[in-house]
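Take a look at the structure set out below.
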Amino acid sequence: MEVALMVIIMKPGTGEEELQEVRERVHWWGLSTHVIHGVERVVIGVVGDTREFVQAGIETWPGVDRVVRIVQPYKLASKEVLQETRVRVGEALVGGEEVVVMAGPCAVESYEQMLAAATAVGRAGARVLRGGAYKPRTSPYSFQGLAREGLELLRRVKEETGLPVVTEVMEESSVELVAEHADLLQVGARNMQNYPLLRAVGRAGRPVLLKRGMAATVEEWLLAAEYILSSGNPAVILCERGIRTFEPQTRNTLDLSAIPLVKRLSHLPVVADPSHATGDWRLVGPLSRAAVAAGADGLLIEVHPRPDRALCDGSQSLTPRSFASLMKELAAVAAAVGRHVTVPTACPSTSPGS
Ligand code: PEP
Ligand code: MN
């Protein structure tokens with residue numbers, strides 16, 4: 001059986017009625033459809049045995065521009081389907097001209113810690129607040145996160161600062177709960193190939209930040225995104241967070257080449273996480289600048305009001321002060337590659353807790 005080998009690309013500006021008409025005709029052939037709303041047009045992925053369907057004269061159907069047979073193993077994630085996808089998180093659009101910076105502590109520890117972090121990163125220009133309530137720790141004895149209470153704290157801090165929130169969801173059974181609190185659902189590196197979880201976030205009605213598994217190839221990563229897309233969720237942001245190599249002096253190795261590569265293979269936006277890629281706050285600045293220069297659509301950076309007291313990943317966390325100065329540097333790099341970073345004009349160099 002040939003599965004999802006075809007994509008119907010609709011003409012720009014096609015209406016809902018024509019779209020439904022085309023879907024019904026596809027369903028009549030015993031095939032199923034997945035609709036993705038791109039920036040300029042809508043495309044319909046056709047799933048099932050398409051051997052006879054290709055003779056249905058599809059290109060003459062109302063609203064249809066053309067039909068494409070996708071040769072890549074990933075289909076809906078492929079650049080052959082769409083030129084670009086922009087994912088809205090709060091007021092920011094990831095995948096547009098702006099390089100969207102998401103920042104905050106590794107883990108939600110307390111209300112005071114989150115509020116201090118959110119205030120500082122927001123003032124420096126971060127558009128999204130990060131903070132894990134559920135932490136996938138290598139050791140079962142390490143701090144595992146505040147779980148439900150952490151989600152509540154994220155909600156309170158979001159209400160006070162207006163910053164949208166990205167937070168990790170680790171299990172299928174908590175997708176609904178996390179989706180009620182998060183603006184962007186993070187699927188961590190360790191769960192990149194947790195297929196039931198990918199399907200569940202695909203149905204969650206929230207955008208998803210899909211981290212690359214620490215030993216995953218680019219193709220496996222895009223196939224993981226395909227699980228989410230084919231479950232009905234078009235809003236996927238890929239996150240390169242370093243892969244495991246033979247080098248022990250850094251936590252992982254940031255695969256910078258994956259950024260332009262993914263942008264060539266896929267229409268999905270891609271962001272970089274230099275914190276988990278390096279494990280060392282002193283390397284976060286240089287690699288953030290490099291990722292923006294390489295075309296990243298955003299960054300995910302760990303910032304803690306007191307890195308020396310962090311319950312998780314303090315050694316890779318920036319202070320509010322170093323984050324604020326990094327943002328200014330990023331603005332210059334972004335401008336050099338025709339992008340921009342939001343840096344408030346009155347960016348404080350002495351933010352609280354710096
Ligand atoms: C995190 O973002 O805190 C995290 C656990 O990341 P990763 O899944 O990339 O290890
Ligand atoms: Mn972390």
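First listed ligand is number 1; within each ligand, the first listed atom is number 1.
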May I ask you to say whether [X] pairs ionically with [Y], meaning some side-chain N is under 4.0 Å from a carboxylate O?
X      : Y      : result
Asp297 : Arg86  : no
Asp313 : Arg251 : yes
Lys75  : Glu226 : no
Arg148 : Glu152 : no
Glu98  : Arg127 : yes

| said: Please classify the Met214 to ligand 1 contact at 4.0 Å (heavy-atom distances, strictly less than): side chain, backbone, both or neither. | reply: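 Looking at Met214 and ligand 1, no heavy atom falls under 4.0 Å.
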| query | What is the name of the N/O/S atom in Glu302 that sits closest to the Mn ion (ligand 2)? | reply |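 For Glu302, the N/O/S atom sitting closest to the Mn ion (ligand 2) is OE2.
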| task | Output the atom name for the N/O/S atom of Asp313 with the smallest distance to the Mn ion (ligand 2). | result |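 Per the distance ranking, Asp313 contributes OD2 as its closest N/O/S atom to the Mn ion (ligand 2).
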| request: Answer with yes or no whether Cys106 contacts ligand 1, where contact means a heavy atom under 4.0 Å from a ligand atom. | output: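 So Cys106 counts as touching ligand 1.
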| query | Going by heavy atoms, is Lys135 under 4.0 Å from ligand 1? | reply |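 So Lys135 counts as touching ligand 1.
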| How far is atom 9 (O) of ligand 1 from its nearest protein heavy atom, and which residue and atom is that? |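 Going by distance alone, atom 9 (O) of ligand 1 is nearest to Arg241 NE, 2.6 Å.
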| query | Closest non-hydrogen protein atom to atom 6 (O) of ligand 1, residue and atom name please, with distance? | reply |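 Its nearest protein heavy-atom neighbour is Lys211 NZ, 2.9 Å.
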| Cut-off 3.5 Å, side chains only: do Gln20 and Glu24 have a donor facing an acceptor? |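 Side chains of Gln20 and Glu24: no pair found under 3.5 Å.
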Return a yes/no value for [X]: is any of its N or O atoms, backbone included, closer than 3.5 angstrom to an N or O of ligand 1?
X      : value
Ala189 : yes
His276 : yes
Arg130 : yes
Glu168 : no
Arg190 : yes

Keeping the roles fixed (side chain from [X], backbone from [Y]), state whether a donor-acceptor pair exists under 3.5 Å.
X      : Y      : result
Arg206 : Leu185 : no
Asn191 : Met170 : yes
Asp273 : His276 : yes

| request: Measure from the Mn ion (ligand 2) to each N, O or S atom of His276 and report whether any distance is below 2.8 Å. | output: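 It does: His276 brings an N, O or S atom closer than 2.8 Å to the Mn ion (ligand 2).
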| request: Could you tell me which atoms of ligand 1, counted from 1 in the order shown, lie closer than 4.0 angstrom to a heavy atom of Gly188? | output: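 Listed by number with element: 8 (O).
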| query | Short list, please: which atoms of ligand 1 are under 4.0 Å from a heavy atom of Glu302? | reply |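 Those qualifying, in numeric order: 3 (O).
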| Quick one: NZ on Lys79 to CG on Leu222, what's the gap to the nearest 0.5 Å? |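 These two atoms lie 11.5 Å from each other.
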